[in-house]
2 protein chains.
Amino acid sequence: MSVIVNTDSRQNMIQSTALLMRERGVDATSFSEVLAHSGAPRGSIYHHFPGGKAQLIEEATRFAGEFTAAGLAAAMRDSEPVAAVRGFVSLWRKILTRSDFGAGCPVVAAALEGDRAPAVRDAAAKAFSQWEELLADAVEPHAPGRAHSIATLIIASIEGAVVLARAQRSVAPLERVAEELDRVITAALG
Amino acid sequence: MSVIVNTDSRQNMIQSTALLMRERGVDATSFSEVLAHSGAPRGSIYHHFPGGKAQLIEEATRFAGEFTAAGLAAAMRDSEPVAAVRGFVSLWRKILTRSDFGAGCPVVAAALEGDRAPAVRDAAAKAFSQWEELLADAVEPHAPGRAHSIATLIIASIEGAVVLARAQRSVAPLERVAEELDRVITAALG
DNA sequence: GTCTATACGAAGATAGAC
DNA sequence: GTCTATCTTCGTATAGAC
């Protein structure tokens with residue numbers, strides 16, 4: 001029986017991959033760049049990821065999904081839905097402006113470019129489901145029956161707004177979406 | 001003074017490129033595939049597109065943006081906003097199911113992967129702006145002051161829902177977003 | 001306007017030494 | 001567990017004939 005140990009190298013590679021994915025996309029994230037970014041030694045690629053690039057991308061997608069889910073869960077635990085969503089938007093505003101609109105969502109990148117690798121696509125699908133579920137659970141008590149559709153609207157519109165914002169190099173789309181989401185959530189919970 | 005003539009070969013290549021982009025993304029759309037799909041002769045690539053792949057992708061993005069804008073304009077001209085958006089959603093439902101969730105939005109692909117080529121990113125940005133403007137103009141008479149943010153919510157949430165739908169291989173996210181958009185638009189115009 | 005042939009680079013993957 | 005070297009494939013791009 002073997003035990004997988006997350007050495008520093010391995011974990012660093014996964015995190016670097018997630019960071020590169022959100023800037024360049026899946027295809028353009030090469031081993032060379034992952035190694036340069038993570039400082040990992042070349043010989044460790046296929047040692048840690050015998051499944052090659054597909055495995056690395058899959059694990060990075062899962063990591064990004066769970067990282068975001070943890071943040072969302074904390075926000076939903078500490079705040080009312082309206083405030084939590086505002087916080088989520090603020091996080092995206094920071095990511096966009098600090099990267100000069102070079103960084104987006106790694107899970108979206110995985111969903112689009114990982115289309116040919118089922119495991120990657122499924123990891124993206126699971127991440128989206130997790131996020132929706134977290135939001136739906138928080139909304140459910142206030143808007144029974146409509147919680148799921150509101151949660152989906154939140155995730156979809158914010159992810160879409162991030163794409164628009166990157167293309168237009170402006171946070172304006174994100175702000176406008178946030179404004180409308182604020183109305184929707186407030187009205188539904190009122 | 002030279003005049004650019006859109007020969008069949010050239011236009012076919014542009015349309016094929018847009019179709020391939022929405023399935024594979026920008027990076028994975030190679031000349032070989034564009035040629036195979038369009039039936040264009042190999043020798044015509046750099047004849048028609050001296051700027052190489054960047055130019056081809058840019059023109060395909062512009063084509064896709066204007067094609068969609070024309071459809072949106074017609075819908076907004078013939079129907080009330082609520083019905084027009086429903087029609088837009090139906091179009092996406094068809095694209096997703098007919099392609100077995102293999103096809104998404106080529107403009108989104110351009111926005112994400114064309115990040116390194118400013119001309120491509122700008123073409124995507126312009127497409128999104130066009131669409132928003134068309135929607136905002138139709139909503140403006142009913143909801144002055146809020147038309148732009150509603151228009152952005154519609155575009156962003158539908159584009160986001162298409163990404164979610166592809167990952168999860170289900171139209172459910174699109175349906176849920178459509179349901180909420182219906183409420184938002186009906187309420188705003190009421 | 002279209003053809004073939006080819007240059008050139010980068011990518012993922014593998015083998016075998018240390 | 002990490003290294004170097006190499007294989008193979010595929011991509012864009014170019015040159016020059018027809």
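Letters A, B, ... are given to chains in the order of the sequence lines, protein chains preceding strands, and every chain is numbered from 1.
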Checklist line | Set of residues satisfying side-chain contact (heavy atoms from CB on, under 4.5 Å) with respect to A:A110, sequence neighbours excluded | finding: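 Residues passing side-chain contact (heavy atoms from CB on, under 4.5 Å) with A:A110: A:M21, A:T61, A:V120, A:A124.
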Notebook entry, point to check: Donor-acceptor pair, B:T68 side chain versus B:G65 backbone, under 3.5 Å?
Noted result: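 No, because the side chain of B:T68 does not come within donor-acceptor range (under 3.5 Å) of the backbone of B:G65.
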Sequence neighbours excluded, which residues qualify as side chain to side chain donor-acceptor pair (under 3.5 Å) partners of [X]?
{"X": "A:S129", "answer": "B:Q168"}
{"X": "A:R176", "answer": "B:T152"}
{"X": "A:D27", "answer": "none"}

Round to a whole Å and report the spacing from [atom1] of [X] to [atom2] of [N].
{"X": "A:L35", "N": "D:dT2", "atom1": "CG", "atom2": "P", "result": "11 Å"}
{"X": "B:R24", "N": "D:dC10", "atom1": "CZ", "atom2": "P", "result": "14 Å"}
{"X": "A:M13", "N": "D:dT2", "atom1": "CE", "atom2": "C1'", "result": "12 Å"}

Checklist line | Pairs flagged by ring-ring contact (aromatic ring centres under 6.0 Å, His included) wherever residues 110-129 of chain B is involved - sequence neighbours left out | finding: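 Listed once each, the pairs are B:F128-B:W131.
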For a quick test of your reading: what N or O donor-acceptor pairs under 3.5 Å do the side chains of residues 79-89 of chain B make, sequence neighbours left out?
from  : atom 1 : to     : atom 2 : distance (Å)
B:R86 : NE     : B:D182 : OD2    : 2.6
B:R86 : NH2    : B:D182 : OD1    : 2.8
B:R86 : NH2    : B:D182 : OD2    : 3.1

Item checked: Those residues that, when tested against B:F101, pass ring pair (Phe, Tyr, Trp, His ring centres under 6.0 Å) (two or more places apart) ->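 Listed in chain order: nothing, the list is empty.
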Next item on the list: Specify the angle, to 10°, made by the local axes at the two ends of the helix from C:dG1-D:dC18 to C:dC18-D:dG1 when five pairs are taken at each end.
Entry: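 Comparing the first five pairs with the last five, the axes sit 0° apart.
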Notebook entry, point to check: Would one find a side-chain N or O of A:H47 under 4.0 angstrom from OP1 or OP2 of D:dC3?
Noted result: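 Indeed not, no polar side-chain atom of A:H47 lies that close.
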Next item on the list: Go along nucleotides 11-18 of chain D 5' to 3' and tag each nucleotide: B for a protein heavy atom under 4.0 Å from its base, S when only backbone or sugar atoms are that close, - otherwise.
Entry: SSBB----
